[in-house]
Amino acid sequence: MEVDDGSEARVEMKGKQSVVMLVGAPGSGKSTFCDAVIGASRRTWVRICQDTIGNGKAGTKAQCIKSALSALNEGKSVFIDRCNLDREQRAEFLKLGSAQIDVHAVVLDLPTQLCISRSVKRTGHEGNLQGGKAAAVVNRMLQKKESPKLIEGFSRITFCHNDAEVQAAMGTYSGLGPSDSLLPGCFGQKSQDAKVQVGIMKFLKKAEGPSPVVSKVNSDQSVASIGSSEKKGASLEREEMPVLPNAPQKEESKGKDNAVQAIDKDVPTLAFPSISTADFQFNLEKASDIIVETVEEFLPKLGNARLVLVDLTYESKILSLVRAKAAKKSIDSSKFFTFVGNIIELSTKRALHCNVIANAANWRLRPGGGGVNAAIFKAAGADLEMATNDRAKSLVPGSAVVVPLPSTCPLYNREGITHVIHVLGPNMNPQRPNCLNNDYNKGCMVLRQAYTSLFEGFLSILKIQETSVTKRHEELLHHSGRGPDKSVGNGDLKNKRDDVDASDSSKKSRGSGNEVEIDSTRPRTGNSDSGIQTTDRGMTKAWGSWAQAFYHIAMHPERQKDDVLEILEDVVVLNDLYPKAPSMRQLHLHVVSQDFNSVHLKNKKHWNSFNTAFFRDSVDVIEEVNKNGKAMMKDDKSLLSMELRCHRCRSAHPNIPRLKSHIRNCQVPFPAFLLQSGRLVRALDSN
DNA sequence: GTTCTAGAAC
DNA sequence: GTTCTAGAAC
């Protein structure tokens, strides 16, 4: 399996071709997707659209196949731009695949309402699906849809549920050079309740099979065990993205596109324009390198926060360069992606919620001029001018200044933007003051400084927010009646964040339950899209960042090639990240040996997690699932602090070193319960 | 989950 | 004084 590491690793043979089948309802953006990739790609693509294939009019599936074949024969790659919603429709096109030709699916699974509203609104669409009929047609089609599966013959399937994911996928395909190929596998699929159980049971059946996996390290006997990391009421459900109580439909009635799920509103996001490439005429190739490199450097520091490079049109050269370079570096596209839209109306017009935006400012920090600077100052009104003036009077190239927006500011009210970061890049335009005269040595350095200052500014906002949220949490816990401290310096920022929290809460609480308090006080960083889980008792639970490792692997197994042994549709097989099996988020099944003589087993909690009732054997869990449909964890922390007893002879020992020296020599047979029901599986021919 | 460390236990 | 544990921080 090759991995895109930015080197030549992904090159296979000369001229690897792809057939990419778009899967989605009318209005889901299939044609836009194809056009964006074709416009930016270094590979030759042909879009085959059934709506136009008959001399500009609708044609047949057979005509599409014929055109696809001839394009493939010419060495081109092909987009199949038709709905392809059910398996039967897709089957014919899958036959186009071969050893040299991968067939991929890109599933544009956007909200039905959005597809309908786009279909209804569109004029002159090739498929002639306009007006009121569209809603009925889209609805009917979506009722019949079957999600594509690898088993149909796709080598890669990418699911997109919102605009951001669509643009990330565009970036991935735009970045493909003529001889590149993408990793196989299924990406971005959301779990569906019913199917999940099936998937897990399939996996458990494998473990029950005749030749269970045998632990490779110093084991004399092995047992397959199941470990769910749920502490309370664990049921065998795969993790899925938490769903917030208010689905996007509410706002759709206002006629806004709601492509991005409500969940995105909780993710701190910086939207920034390309600095210096417009008015200051900075070289695009160099600028895109600097953007991607600086982003790559900052992403690990940003926790769950996102960076989004924004430009006005799909034809934007800088966006496509950055998309391609970011894809080549395998930058996490959920953390950094490019986005088409106007930076001052991303939330209301494009459903991308950004709490911070960057302004490509001028050195005097004055409104006017053109482009982004003029637009932002105009949209923010006098509030931004005053707030900026409080912070700084001018900027040197390569620096940035963070300006909190007062709550009266229209950008704050309408778009939910809490801060603007002004940033000044190098000027390469001889028509403008302080031109660098084509000195790109200096120019690149200054541009890099500019992005660094910008991202550091964003980081400082995140830290202030974190402190404020934690503080609020503490206040709630202690039922403190006093107001927030009015400290000098960033005191106004702190208050502002509190305002934001309050407004978030009131939005969420409309018509929904009373989980708002927990939601609005939870830490905002470090738990990302994944760290909060609602248990079946309606409580929310935060996972520590360490416990998320499996989640990240499960979501993106292709990025962990050193640890991952096998990627199946429902299951990832990997070497333990920690030599001693950890309690992690994500249902996982361990292979554990019975010697317990490991240097990594260091304390009481370690020992007792394997040698008390806290430990659930896979045999028992499977039986419980078969009987009750789910399995429960032992909800008893005291099990982990019990006295230390030998797992063979049950003798008690005062501390870990004494216990360990005992178990090295204890030869008493294993207790009876372990010997029953196939709990112990013998490894090879040793005893 | 691991690492670090103060303080308990020896 | 050294060993070990338990809790906090990561």
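Not measured: the values here are computed from a predicted model.
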Where do A/Leu270 and A/Phe458 come nearest, in terms of heavy atoms and distance?
N-CZ, 3.5 Å
Per A/Asn655 side chain, nearest of listed nucleotides B/dG1, C/dT5, B/dT3
C/dT5
A/His647 and A/Phe670 aromatic ring geometry - parallel, tilted or perpendicular at 30°/60° bounds:
tilted
Nearest of B/dT3, C/dC4, B/dG1 to any side-chain atom of A/Pro657?
C/dC4
Nucleotide C/dG7, atom P - distance to CG of A/Leu640 in whole Å:
12 Å
Among C/dC4, B/dG1, B/dT3, which is the nearest nucleotide to the side chain of A/Lys605?
B/dG1
Hey, can you tell me if A/Tyr451 and A/Phe272 have their rings parallel, tilted or perpendicular (30° and 60° cut-offs)?
perpendicular
Separation of atom CG in A/Leu659 from atom C1' in C/dT3, rounded to whole Å:
16 Å
Taken to the nearest whole Å, CG/A/Asn603 to P/B/dA8 is 19 Å
Do you know which two heavy atoms are closest between A/His662 and A/Ser651, and how far apart they sit?
NE2-OG, 3.4 Å
Considering only C/dT5, B/dT3, C/dA6, which nucleotide approaches the side chain of A/Lys604 most closely?
C/dA6
Separation of B/dT2 P from A/Leu601 CG (nearest whole Å):
9 Å
Rounded to whole angstroms, how far apart are CG on A/Leu644 and P on C/dT5?
7 Å
Could you tell me the separation between the CD1 atom of A/Ile656 and the P atom of C/dT2, rounded to a whole number of Å?
23 Å
Starting from P on B/dC10, measure out to CZ on A/Arg658 and report it in whole angstrom.
10 Å
